[in-house]
Amino acid sequence: MKLFEYKAFELSDMLRDGKISSAELTKSVLDRIDEVEPKIDAYLTLCGESAMESAKQVDKKRMRGEELSRLAGIPIGVKDNISTKGIRTTCASRMLEGYTPVFNATVVDKLIKSDAVITGKLNMDEFAMGSSTETSYFKPTRNPFDTDCVPGGSSGGSAAAVASGEAVLALGSDTGGSIRQPASMCGVVGLKPTYGAVSRYGLVAFASSLDQIGPFGRCVKDVALLYDCISGYDRMDATSKNTQRVPCFDSLTGSARGLKIGIPEEYFAEGVEDSVKNAVMDSVARLRSEGAEVRKISLPSTKYALSAYYIIACAEASSNLARFDGVKYGYRCESPKSLIDMYERTRSEGFGREVKRRIILGTFVLSSGYFDAYYKKAKLLQERIRAEFDSALSEVDVIVTPTSPFEAFKLGDRISDPLAMYSSDICTVTVNIAGLPAVSVPCGYSGSGLPYGMQIIGRRFDEATLLNAALSHESLMGGFASPKL
């Protein structure tokens, strides 16, 4: 095996034992990027020189006998809506094409403090609005299992980089499934943490009440390793929760015995392909054979969730993206005739089609005469969905559903049909609405060899139980299968 093919927790042990150097590992990943990046297009900005320099610094610390963290020397990619000081951060938009932040996001500071090696910034749907990474202003990313297919979105670059070996670990963001859905389509593990468990400071906002930063990895242990690093209270984020947390990596046992699993009938209804349902239920059957208890539950408001999600998310996007007006930073149109002309042309030229669609929808639902009819009802429904999940999770430990209702689709198949694209999120948006943690783990493959994902949903701030359930499933499935590139 080449070094980039090992899992992060294995590489961590090898690095700390002196069996390999971080420079060797980082070079292996950079060589892999040179080899497959033309096929995948996962990166928007590659930081090869600084990555090698960081790796050499880690090796010097090890040679001096300094204590190293578990992430020291591990190459990690960062989604391009997470602020990185001195490294271009574009949100895959023309609006921020030339923007270089002067500060780090809190999660990036934590990576640097842990001596992780940042390989670069990863492609995404523009301002995280999309389900296929096709709305990126710069280029689409391709699925490593079939380069004619999408990797999912909006964190498609992060998922594809981990699946193809272009990064050992990666950070993404999840507003309605943007970590879990691409993890499902690329056959990797992706965790959307509890809202407030990971600081959002330095994350360019899409929908502030729904956004959450989270990790990608090739296995559950890797995701737990990265989650332990980035989670925790941050006074710079007003939504950060100061609660006591159990370190997930050290608490993993992989045992399913006594685990209570809820199966909501609404997530196995029309709109979810039969092959996906069967793959998920086969996985549940394996967990039952290992001592898990399986119960049928109901989450009746699920059928309204997609509508509520897009009302809330677009309303918040309309507000958050108002700052991009050509005055303070970012793109500005050439030779404006007036202040109003500058506003109009800057936003028309700087934003892509999908972003403008959501801004218009969000402005509409917040406008006088429509606020009560749309936004207020969506927020009331949000409370009902939260209450239904809380009630269900008082009886079971975790809830299991499909992640994506179908396998990865072909590039171009859905980009001109917004409603078809939005249907990709029918299984994932409720988790963000309720503020719960959820993880997607591979659970099988289609007849064409494309991955399926199983979503496991847990109680707030109980990522330890959630990831242990995921590890139980992974142990039974046999783990990650590499794409043949």
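Just so you know, residue 1 is the first one in the sequence shown, and it goes up from there. In this text, all values refer to a predicted model and were calculated from it rather than measured experimentally. Heavy-atom basis, side chains included; hydrogens, waters and symmetry copies ignored.
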Electrostatic pair [X]:[Y] at N-O distance under 4.0 angstrom:
| X | Y | result |
| --- | --- | --- |
| Asp250 | Arg70 | yes |
| Glu383 | Arg386 | yes |
| Lys192 | Asp174 | no |
| Glu354 | Arg358 | yes |
| Lys113 | Asp109 | no |
| Lys39 | Glu37 | no |
| Glu35 | Arg32 | yes |
| Asp13 | Lys19 | no |

Ignoring hydrogens and geometry, is there a side-chain-to-backbone donor-acceptor pair from [X] to [Y] under 3.5 Å?
| X | Y | result |
| --- | --- | --- |
| Thr135 | Glu126 | yes |
| Ser184 | Arg180 | no |
| Glu395 | Ala392 | no |
| Thr403 | Gln455 | yes |
| Arg142 | Asp148 | no |
| Asp115 | Leu68 | no |
| Thr147 | Asn143 | no |
| Ser12 | Phe9 | no |
| Ser158 | Phe216 | no |
| Asp228 | Cys248 | yes |

Donor on one side chain, acceptor on other, [X] and [Y], under 3.5 Å:
| X | Y | value |
| --- | --- | --- |
| Asp146 | Ser448 | no |
| Thr84 | Thr89 | yes |
| Ser155 | Lys79 | yes |
| Ser173 | Asp211 | no |
| Ser482 | Glu5 | no |
| Ser240 | Asp234 | no |

How far apart are the C-alpha atoms of Glu316 and Phe206, what are their side-chain angles, what is the distance that settles it, and do they pass the side chain to side chain contact (heavy atoms under 4.5 Å, CB included) test?
-> CA-CA 7 Å; Glu316 294 185 15; Phe206 164 13; over 6 Å; no
Please lay out, stage by stage, how Glu266 and Ser298 fare under the test side chain to side chain donor-acceptor pair (under 3.5 Å).
-> CA-CA 7 Å; Glu266 293 83 3; Ser298 180; 2.6 Å; yes
Going through the checks in order, is the side chain to side chain donor-acceptor pair (under 3.5 Å) test met by Tyr43 and Asp80?
-> CA-CA 9 Å; Tyr43 281 87; Asp80 206 29; over 6 Å; no
Side chain to side chain contact (heavy atoms under 4.5 Å, CB included) assessment of Met185 paired with Phe145 | CA-CA 9 Å; Met185 290 188 171; Phe145 283 87; over 6 Å; no
Take Phe409 and Ser132, measure what side chain to side chain contact (heavy atoms under 4.5 Å, CB included) needs, and give me the verdict at the end.
-> CA-CA 9 Å; Phe409 46 89; Ser132 63; 4.0 Å; yes
Please indicate whether [X] has more than 12 foreign heavy atoms, meaning atoms of other residues, nucleotides or ligands, lying under 6.0 Å from its [atom1].
| X | atom1 | result |
| --- | --- | --- |
| Lys27 | NZ | no |
| Lys303 | NZ | no |
| Arg295 | CZ | yes |
| Phe406 | CZ | yes |

Distance-minimising heavy-atom pair for Pro140 and Leu411 = CB-CD2, 4.1 Å
Would you say that [X] contacts [Y] through its side chain, given a criterion of any heavy-atom pair below 4.5 Å between the two side chains?
| X | Y | value |
| --- | --- | --- |
| Ile399 | Ile456 | no |
| Leu25 | Leu15 | yes |
| Gln382 | Leu210 | yes |
| Leu11 | Val168 | yes |

Identify the residue among Leu466, Asp462, Val398, Thr465 that makes a side-chain contact (heavy atoms from CB on, under 4.5 Å) with Pro437.
-> Leu466
Among Leu171, Ile82, Asp237, side-chain contact (heavy atoms from CB on, under 4.5 Å) partner for Leu203 | Ile82
What's the verdict on side chain to side chain donor-acceptor pair (under 3.5 Å) for Arg200 and Thr239, showing C-alpha distance, side-chain angles and the deciding distance?
-> CA-CA 8 Å; Arg200 293 186 305 108; Thr239 62; 3.3 Å; yes
Before giving the answer on side chain to side chain contact (heavy atoms under 4.5 Å, CB included), spell out for Val189 and Val439 the whole-Å C-alpha distance, their side-chain angles and the decisive distance to 0.1 Å.
-> CA-CA 7 Å; Val189 181; Val439 62; 3.7 Å; yes
How many angstroms lie between atom [atom1] of [X] and atom [atom2] of [Y], to the nearest 0.5 angstrom?
| X | Y | atom1 | atom2 | result |
| --- | --- | --- | --- | --- |
| Gln244 | Phe461 | CD | CZ | 13.0 Å |
| Ile312 | Thr175 | CD1 | OG1 | 12.5 Å |
| Thr428 | Asp425 | OG1 | CG | 4.5 Å |
| Met477 | Arg286 | CE | CZ | 5.0 Å |
| Ile426 | Tyr309 | CD1 | OH | 14.0 Å |
| Glu463 | Arg245 | CD | CZ | 7.5 Å |

Does NZ or CZ of Lys277 fall inside the cone over Phe268's six-membered ring, less than 6.0 Å from its centre and within 45° of the axis?
-> no
Within 45° of the axis and under 6.0 Å from the centre of the six-membered ring of Phe4, does NZ or CZ of Arg218 qualify?
-> no
When the aromatic ring centroids of Tyr452 and Tyr445 are compared, is their separation below 6.0 Å?
-> no
Hey, can you tell me if Phe389 and Tyr267 have their rings parallel, tilted or perpendicular (30° and 60° cut-offs)?
-> perpendicular
With Thr141, the side-chain hydrogen bond (donor to acceptor under 3.5 Å, both in side chains) member among Asn123, Thr133, Asp125 | Asn123
Could you check Asp390 against Arg459 for salt bridge (charged side-chain N to carboxylate O under 4.0 Å, His left out), going step by step and ending with a plain yes or no?
-> CA-CA 8 Å; Asp390 289 345; Arg459 302 185 185 102; over 6 Å; no
